[in-house]
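Take a look at the structure set out below.
Both ligands and their constituent atoms are indexed starting at 1 by order of listing. Any value given below was found using the heavy atoms of this structure, including those in side chains, with hydrogens, waters and symmetry copies removed. For the single chain, residues carry numbers from 1 onward in sequence order.
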Amino acid sequence: MNDQSRTVLISGGSKGLGAALVAYFLDQGHKVATFSRSITEEVEAWRAKYPDHFFYDSLSLTDKGAVKGFVNEVQGLFGDTEVLVNNAGIARSGLLPLFHDEDVDTVIDLNLKGTFHISRLVSRPMLSLGWGRIINISSIVGLSGYRGLSVYGASKAGLDGFTRALARELGPRNITVNSVAPGFLSTEMNEELDARQSRQIVNRTPMGRLGNTRDVAELVGYLASPAADFITGQVIAVDGGITC
Ligand SMILES: NC(=O)c1ccc[n+]([C@@H]2O[C@H](COP(=O)([O-])OP(=O)(O)OC[C@H]3O[C@@H](n4cnc5c(N)ncnc54)[C@H](OP(=O)(O)O)[C@@H]3O)[C@@H](O)[C@H]2O)c1
């Protein structure tokens, strides 16, 4: 994605995969806007290093008014968002019979409703522009299922359904929509995995290791590039082959 500088909006870019995506797009010379509930040292460093190319604000994706304000602010600073990466997501684990209602709401409100809302806001100017990229970060848990992650898995499978329908709606206006489904990455989200679980995952993975955020950023960067003009409505796993 190096033909020209684009405006890239990434939800949840303060740490983990989102932070790797922010670093990747900044490194490629694009203007990057991101938000999360709390700021990190990495965000402070980008603010200092890229004063004209980076914008951050603290807010929750579940706060519709704040998200609308953020999208408008990005538009004022960098112009219309051309690439939207729906990365912010949360997992709550637990067997379904013991699962709490509040946890169902937390997962669905963020992973699905929040993503629908920001995609709606950003796709409107993309339609006028006649170009755009929407990349949804789902998960292999939505493809193959994982014990204790039924609600999270349902939210990610839902996101993949959203990807396919939206690809059909927006394709005629030159906007592609794809899901990237990472396998298990070594980020904060997986802190709950113990050594035995990690070992089991690695043993079942043809490539013999957990994924890293760079593996995923490379595919997201490709999907955002002109080289991927004819790829839409797909769910692409980056998982070292664990789902093959
Ligand atoms: N890690 C994995 O193995 C893995 C595998 C497959 C898919 N994924 C997906 O990849 C994405 C990123 O995961 P990750 O591992 O990087 O998670 P992470 O390390 O927990 O980071 C999540 C990011 O989202 C932000 N966030 C969380 N809740 C938010 C909210 N309500 N509003 C705005 N921002 C919010 C977090 O910042 P704050 O907490 O400060 O808000 C943080 O910046 C998620 O969609 C996840 O489902 C991860």
Can you confirm, on distance only, whether ligand 1 has an N/O atom lying under 3.5 Å from any N/O atom belonging to [X]?
X: L61; answer: yes
X: I140; answer: no
X: T62; answer: no
X: G12; answer: yes

For [X], which part has a heavy atom under 4.0 Å from ligand 1: side chain, backbone, both, or neither?
X: A91; answer: neither
X: L59; answer: backbone
X: L185; answer: both
X: N87; answer: both

For [atom], which protein heavy atom lies nearest, and how many Å away is it?
atom: atom 27 (C) of ligand 1; answer: R37 NH2, 3.5 Å
atom: atom 36 (C) of ligand 1; answer: K15 CE, 3.9 Å
atom: atom 1 (N) of ligand 1; answer: T187 OG1, 2.8 Å
atom: atom 48 (C) of ligand 1; answer: M189 SD, 3.8 Å
atom: atom 8 (N) of ligand 1; answer: Y152 OH, 3.6 Å
atom: atom 34 (N) of ligand 1; answer: S36 CA, 3.6 Å

Go through ligand 1 atom by atom and flag the ones less than 4.0 Å from a non-hydrogen atom of [X].
X: E188; value: 19 (O)
X: N190; value: 1 (N), 2 (C), 3 (O)
X: I137; value: 9 (C), 10 (O), 11 (C), 45 (O)
X: F184; value: 3 (O)
X: S14; value: 37 (O), 42 (C), 43 (O)

[X] side chain to [Y] main-chain N or O, any donor-acceptor pair under 3.5 Å?
X: T81; Y: L9; value: no
X: Q234; Y: T232; value: yes
X: S36; Y: S38; value: yes
X: D160; Y: V235; value: no
X: S179; Y: A181; value: no

Just go through [options] and tell me whose heavy atom is the nearest to [atom].
atom: atom 35 (C) of ligand 1; options: S60, A88, S38; value: A88
atom: atom 4 (C) of ligand 1; options: S139, A66, G183; value: G183
atom: atom 22 (C) of ligand 1; options: G16, G18, P182, G89; value: G89
atom: atom 16 (O) of ligand 1; options: L17, I10, V216; value: L17

- Charged tip of R6 within 45° of W131 ring normal and under 6.0 Å: yes
Between [X] and [Y], is there a side-chain N and carboxylate O pair less than 4.0 Å apart?
X: D229; Y: R133; result: yes
X: D215; Y: R209; result: yes
X: E188; Y: K15; result: yes

- Message: With a cutoff of 4.0 Å, is L110 in contact with ligand 1, counting heavy atoms of the residue only?
- Response: yes
- Among the heavy atoms of S138, does any lie under 4.0 Å from an atom of ligand 1? yes
Where is the tightest heavy-atom contact between [X] and [Y], given as atom of each residue plus distance?
X: I137; Y: L159; value: O-CD2, 3.4 Å
X: I10; Y: N87; value: CG2-CB, 4.2 Å
X: D239; Y: T205; value: O-CG2, 3.7 Å

- Query: Would a line drawn from the ring center of F70 to the ring center of Y56 be shorter than 6.0 Å?
  - Reply: no
- Message: Please confirm whether the ring centroid of F116 lies under 6.0 Å from the ring centroid of F162.
- Response: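 Yes, close enough.
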- Task: Test D80 against Q75 for side-chain hydrogen bond (donor to acceptor under 3.5 Å, both in side chains), laying out the working first.
- Result: CA-CA 5 Å; D80 290 332; Q75 207 274 339; 3.0 Å; yes
